[in-house]
Amino acid sequence: MTLDEARALDAADPLAHCRDRFLLPSGKIYLDGNSLGALPAATAARLGETIEREWGESLIESWNKHDWIGAPERVAAKLAPMVGAAADELLIADSTSINLFKLLGAALMSGDRRVILSEEGNFPTDLYVAQGLEALVPGVTLKTVPADQIEAAIDQSVAVLLLTQVDYRSGRKHAMSALNAAARDAGALTLWDLSHSAGAFPVDLTGNGCDLAVGCGYKYLNGGPGAPAFLFVARHLHDRLHSPLPGWMGHADPFAFDPIYRPIGGIGRFRTGTPSILAIAALEAGLATFDGIAMSDLEAKSRSLSQLFIGEVEARCGGAAQLKLASPRDPSARGSHVVFAHPEGYAVMQALIADGVIGDFRAPDLMRFGFAPLYNSHEEAWRAAQALGEIFESRKWDSPRFTKRERVT
Ligand SMILES: *Cc1c(COP(=O)(O)O)cnc(C)c1O
């Protein structure tokens with residue numbers, strides 16, 4: 001493909017105008033929105049207003065006057081259609097890790113089964129939270145199996161199947177509906193981590209029969225570093241499940257200061273403490289970058305960008321014999337990031353970053369490129385592939401400047 005052909009795809013792209021919803025540094029190609037979403041153009045003003053007008057002028061009255069108290073549900077309602085949930089099944093709260101603890105704990109407390117079934121390569125925090133529950137609750141066991149053995153491992157002992165829909169390394173996407181059906185047949189609940197899904201492509205929690213889910217606010221949702229996360233509880237479970245981390249904000253009447261905990265009906269019982277209003281305001285600005293956008297257009301663009309990138313990388317780096325696509329080749333089988341493996345992947349990624357193409361590296365040998373369909377262009381995908389080709393051709397990566405490992409992320 002020529003650069004002009006890539007530009008022609010951008011000219012015909014129905015989402016091209018969305019790039020103006022972000023402030024991106026010039027001279028860089030940012031392909032790490034799957035790790036930290038870009039800064040929305042509206043976020044700074046929105047935070048300024050929340051701080052000066054709401055906090056500064058209305059002070060404590062803001063809990064009512066500016067509906068701070070309803071922010072976790074109000075902002076969840078904006079996210080709900082993007083993940084196929086009803087507004088009252090979703091809550092903005094805490095971090096993904098803490099929400100995992102709350103929902104895993106709730107699933108275990110709802111019955112007598114004691115096995116958490118997960119995947120060996122699941123994201124570490126998901127496994128650590130499960131290990132914490134193993135240590136806390138007598139009899140609880142975390143069982144992990146390779147991806148292709150999950151379905152066979154679902155049996156009558158499993159309390160909850162804990163999976164991340166899109167693998168943070170390879171980008172491989174699980175078949176949600178089939179796994180939910182197998183879990184349902186065995187009487188197990190399902191808990192999906194949507195950290196690499198929400199905001200990248202349409203997720204249908206209800207249509208696929210998911211019981212529980214969590215996800216991250218600072219990746220494709222553009223909520224800012226450490227943004228509040230979300231949690232989903234299917235309506236049929238609302239009265240059956242109880243949070244193992246109850247707090248006054250999930251009480252039926254928080255301002256009665258009742259010494260006995262009584263959970264509010266519905267999703268609100270999964271609140272714990274006071275919501276972080278400034279962080280939720282930034283997340284709301286992040287979600288507003290999706291206003292008026294069909295999730296199906298987002299998915300189509302994600303596939304178009306990543307297929308272009310794979311094709312151009314393979315065309316240019318065919319001589320780098322050790323470079324291998326480590327993601328599924330079929331775009332419907334992966335999320336919105338693409339991974340190439342190379343034994344010198346770390347140094348190659350450092351050289352690429354020095355050339356202004358920002359991806360990231362995951363041990364032992366994976367170079368990860370995230371395509372955020374709201375702001376990445378076909379021209380960027382083309383230029384990133386070209387930059388990678390030049391690095392392999394010149395062996396620019398083979399210098400102590402790039403091979404020395406010191407980066408945090
Ligand atoms: C990014 C990510 C998280 C993040 O958890 P935090 O509690 O926000 O640090 C959790 N799970 C998965 C699968 C992720 O990709």
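Counting starts at 1 for both ligands and their atoms, in listed order.
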K.L.:
Tyr168 ring centre to Lys219 NZ or CZ under 6.0 Å, with the angle to the axis within 45°?
P.N.:
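Geometry flag: not set, cation outside 6.0 Å or 45°.
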K.L.:
Does Ala93 offer a backbone N or O that forms a donor-acceptor pair with the side chain of Arg271 under 3.5 Å?
P.N.:
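No; judged by distance alone, with no hydrogens or angles, the pair does not exist.
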K.L.:
Let me know which protein residues bring a heavy atom to under 4.0 Å of ligand 1; chain then number is fine for ordering.
P.N.:
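Residues Ser95, Thr96, Ser97, Phe123, Thr125, Asp126, Thr164, Asp193, Ser195, His196, Tyr218, Lys219 each place a heavy atom under 4.0 Å from ligand 1, listed by chain and number.
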K.L.:
With a 6.0 Å cut-off (strictly less than), is the heavy-atom count around OH of Tyr261, excluding the residue itself, greater than 12?
P.N.:
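Yes, because the 6.0 Å sphere around OH of Tyr261 holds more than 12 heavy atoms from other groups.
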K.L.:
Phe402: which residues meet the ring pair (Phe, Tyr, Trp, His ring centres under 6.0 Å) condition with it, sequence neighbours left out?
P.N.:
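Phe402 satisfies ring pair (Phe, Tyr, Trp, His ring centres under 6.0 Å) with no residue once adjacent residues are dropped.
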K.L.:
Quick one: list whatever passes side chain to side chain donor-acceptor pair (under 3.5 Å) with Asp10, sequence neighbours left out.
P.N.:
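With sequence neighbours excluded, Asp10 shows a side chain to side chain donor-acceptor pair (under 3.5 Å) to His378, given in chain and number order.
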K.L.:
Under the rule for side chain to side chain donor-acceptor pair (under 3.5 Å), what residues qualify as partners of Glu299, not counting sequence neighbours?
P.N.:
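Checked Glu299 against side chain to side chain donor-acceptor pair (under 3.5 Å); matches are Arg303.
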